[in-house]
Structures are given as C-alpha cells and as structure tokens.
There are 2 protein chains.
Amino acid sequence: MIYELYYWPGIQGRGEFVRLVLEEAGADYVDVARQDGGTAAMMRLLEPGASGRFSFAPPFLKAGDLLIGQTANILLFLGTALGLAPKAEAGRLWTHQLQLTVADLVTEVHDTHHPLSVNLYYEEQKKAAKIRAADFTAVRLPKYLDYFEQVLAHNPRGSRFMVGARLSYADLSMFQVVEGMRYAFPHAMAKRESGWPLLVDLHDRVAQRPRIAAYLASARRLPFSEEGIFRHYPELQP
Amino acid sequence: MIYELYYWPGIQGRGEFVRLVLEEAGADYVDVARQDGGTAAMMRLLEPGASGRFSFAPPFLKAGDLLIGQTANILLFLGTALGLAPKAEAGRLWTHQLQLTVADLVTEVHDTHHPLSVNLYYEEQKKAAKIRAADFTAVRLPKYLDYFEQVLAHNPRGSRFMVGARLSYADLSMFQVVEGMRYAFPHAMAKRESGWPLLVDLHDRVAQRPRIAAYLASARRLPFSEEGIFRHYPELQP
C-alpha cells in the first residue's frame, strides 16, 4: 500500500500530524501536492467524484479505494492500519478523544492570528489578534497543556505515553503541539514549561525515535513559518 | 444499557447532537446534569479517576465501563452501537468525516459571538463579533452549507440521506445545523435557503420522524437561547 497524502505544499499545518504518523510507521507514502502537478491533483479530488466522498478542505488521504478527510479521522484510520493505536474499542476511542482535543487546540492556535476572518490577512486583524493571543497564552494554552500533563500523570500504565504502555499517534501529536507552541509562543512556553515535565519528556523521547529523528533532519520536514498554523509574531508574545 | 449523558444543563449546545441520536434510537438515557446533584456529578467526572480517562470539557457519555468525550467521538461510538452509521469501515469513516466538518462549523458559529475570548462576555467583544459574524454569514456559512448540499447531491445512493440509503447520525446533525442557523441568522438563511433544497428537505424529513417529532415537542428539548452555541443577536444579522 502506497498512501497518498494531500495537503497544501509549503507548510506543516494540519498535514504534519499525518506526516508524523506515516514517518514513524515507516509507511510508503507520497506527499502529493509537493510533487509536480500535485496541487492540481489535490484540487480535483476536492470536487465530488463518482464515490460522492470529497473533503471540505485538505488534508485528506488516499488509501487504496478509500479517500479519508479530516485530520483526526485520518489518524483514526492510520492508527489501526499502522499499529499506532490500541486495538480494543475503549483504547481506540480514548486515543481519538485526545486527538480531537488536540484538534480543538490547533483551531484555537490558528485563531490567535486570525480571530476575525480567514479571508482577511493577519495584518488586517492585528489588533484583535493581540487580544486573542493574550487570552490564549494566559488562559487557554495552560488549560490545554495542564490537561494533557494530567492525562500522562494519571495513565494507569505509566506516564511515558498518553495511552497505555505503547506509542500511539496521540504521542506524536503531543510532540508536534509542544514543538509548535515553542515556535509560536517561546516566551510563554519558557515561562511555563517546567510545569509540564511529563509532556516535555514525552516530546523529547518522540524527537529521539530513530524514524522521527531522521524525518526531522530531512528535507521532508518543512520549517515552521508565518504561513502555517503555528506562527511566530513578536507583537503577539505575552 | 442505560446511557448517561453529561452536559451543561439549560442549553442545547454540543450536547444536542448526542441527544438527537439517543432520541432517534429510542435509547434509554439519563441527561445527568439536569437531575438533582447532576452538575456536581459531572464536575467529579471531569477529574482524573482510576481509569485515567477524563474529558477536557463536556459533553461526555458513560456507557457501561466506557467514558467517552468529544461530541463527534461519542457519535462515532453511538452510531455503531445504535445502528445509526454504516457497518463497513469506509462508510463509518465517511460519516465521521462529515460529523467532524459539522464540528468545525459549530466552532465557527460559536466564534461569531466570542471571537476574542471565551473568558470575556459577548458584550465585551461585540465590535469584533460584528466583523466575524459578517464574514461568517457572507462567506463561511454558504461555504459549509454548499458543501453539505453537494454531499447530498452526489450521494450515489440518492439524495435523501447524507450517507448511503439510510438515516445516520450525520442526518440528525444536519437537522440541528439548519435549525440552529435559522435561529441564529434568520435573515441570512431566509435569503439563501432556496440554494440548499436537498438540505432543507432532509431537515424537514428528520423533523417529522416520529421519535424526533415527539422529542422536539417534549420538555426534554431545551429552547435555543443566548447561552448556547447558536445565539440570536439582532446586531449580528447581515
């Protein structure tokens, strides 16, 4: 099986949560929109085809006959297919619940720089962005990361992983959350990170996994930038 | 099995998507926080327990030993348990994808009245809300409802249901989306509804299903209000 990932070229964005899973599993995949003509191919698949199954927005994944959209839904599928989620229903649902909470956090991060409209430039909504970002770094970011830290602290199988005693896609997503937050809000993170020791330890262990380390050192890993979800703007720092 | 739904009492909110599924299936359930002492019970379950599985926020569902959070995740579980989703993986994932797109829409509706912070009152962010709501009614709402209309139009099994030839939880959610949008943005909907005939027809057929009609006429169906997700503010109308 060669998986085809379709996502905007040039940014990590929501697609990165999928890339990390494919990379950790050593899966064969093509990052289609980064190939010649790939973006046009992606746009065609955003139109209704014979299956009638098309996405509202990228990322989406082609896996054989399946065309699967929504980041968390893609991970729900890949977690089972690639052995990066528990097999039992209770564990699968719990892992997915954590990923959906990551998705909520990611939406809130995005809204720190686009609080009024995705159809306006950041520069056109900077004043509102300052208010939203101040609220985010002071209240929402700690609320989410406190929650994830508590999940690790209360995992009955130990605090090395988010779910059970093995790596799952939820762990890979936590790596990306910590990495993204450090890029976007370095002061807030530097000030508060010591309050999330289990999360930081998880981040570090994920970064050192051989396939993830190789991926992060490769050209396949795009840099963070002010085009993606996690953006660094000096004026939005607390 | 008696399901226990935990959600803020007094509002439809995100809990309503779960209630509609339980009602359509004729499931035995308790809306716990609406019982005496129920909110305290809900707050206790938001703390880490022995299972280590606790939610970031309501709604969550107790089903035997399972405690499941995140609205779309609850529907993923109930869809299978109550026969309101396809059995095959491809259909299950597609139904869930649609529900996650509903979840994105619901978050955007919420942000029309709270664009800057959930920790400020609406009255404190009214100016930003006007800009966000204008963008929402002009661009985002039509984009989402055009998409859902296209899903119905291109369903290879016919345009009566979102997925296949049978009712699924995605149909119940579309009913709630249309209902909520009509409450929150009546002018925008009145102006544009004729462009979404399949969606309006689906809404009407769901409303007429015997169990849904009985539910909507009962005291169990809470009214829309300016405490929930879908809020009507005259100054946010286009």
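Quick note on labels: first sequence line is chain A, next is B, and so on, each numbered from 1.
By the 4.5 Å heavy-atom criterion applied to side chains, Lys143(A) and Phe56(B) are counted as neighbours. Residues Asp111(A) and Arg132(B) have side chains in contact (heavy-atom distance under 4.5 Å, counting atoms from C-beta outward). Contact annotation: the side chain of Glu108(A) never approaches that of Val118(B) to less than 4.5 Å [non-hydrogen atoms, C-beta and beyond].
If you tally non-hydrogen atom pairs under 4.5 Å between each of Arg140(B), Gln125(B), His96(B) and chain A, the highest count goes to His96(B). Of the residues considered (Leu66(B), Ile68(B), Asn119(B)), Asn119(B) shows the highest number of contacts with chain A, using heavy-atom pairs under 4.5 Å.
Rounding to the nearest 0.5 Å places CD1 of Ile131(A) at 8.0 Å from CG of Leu120(B). To the nearest 0.5 angstrom, Lys130(A) atom NZ is 13.5 Å from Leu116(B) atom CG. Separation of atoms CG (Leu67(A)) and CG (Leu93(B)) is listed at 11.5 Å; rounding is to 0.5 Å.
For Ala50(A), the part lying near chain B is the backbone, with the side chain staying farther off; criterion is any non-hydrogen pair under 4.5 Å. Residue contact with chain A, scored on non-hydrogen atoms closer than 4.5 Å, is absent for Arg157(B). When heavy atoms are compared at a cutoff of 4.5 Å, Thr101(B) approaches chain A by way of both its backbone and its side chain. Residue contact with chain B, scored on non-hydrogen atoms closer than 4.5 Å, involves the side chain of Leu76(A) exclusively. Contacts of Tyr144(A) with chain B are made by both backbone and side-chain atoms, with heavy-atom separations under 4.5 Å. For Ser117(A), the parts sitting under 4.5 Å from any heavy atom of chain B are the backbone and the side chain alike. Interface remark: Val139(A) contributes side-chain atoms only to the contact with chain B (heavy atom separation under 4.5 Å).
Considering every non-hydrogen atom in both Pro156(A) and Gly52(B), the closest pair reads CD-CA, 4.3 Å. Minimum interatomic distance between Gln70(B) and Asp104(A) (heavy atoms only, all atoms of both residues): NE2-OD2, 3.1 Å. Contact detail for Gln150(A) and Pro48(B): the closest heavy-atom pair is OE1-CG, 4.0 Å.
Using cut-offs of 30° and 60° for the angle between ring planes, the Tyr147(B) and Phe54(A) rings count as perpendicular.
Checked against side-chain contact (heavy atoms from CB on, under 4.5 Å), Leu46(B) has the following partners two or more places apart in sequence or in another chain: Met43(B), Ser55(B), Pro58(B), Phe60(B).
Residue pairs satisfying the side chain to side chain donor-acceptor pair (under 3.5 Å) criterion with at least one member in residues 76-90 of chain B, sequence neighbours excluded, are absent.
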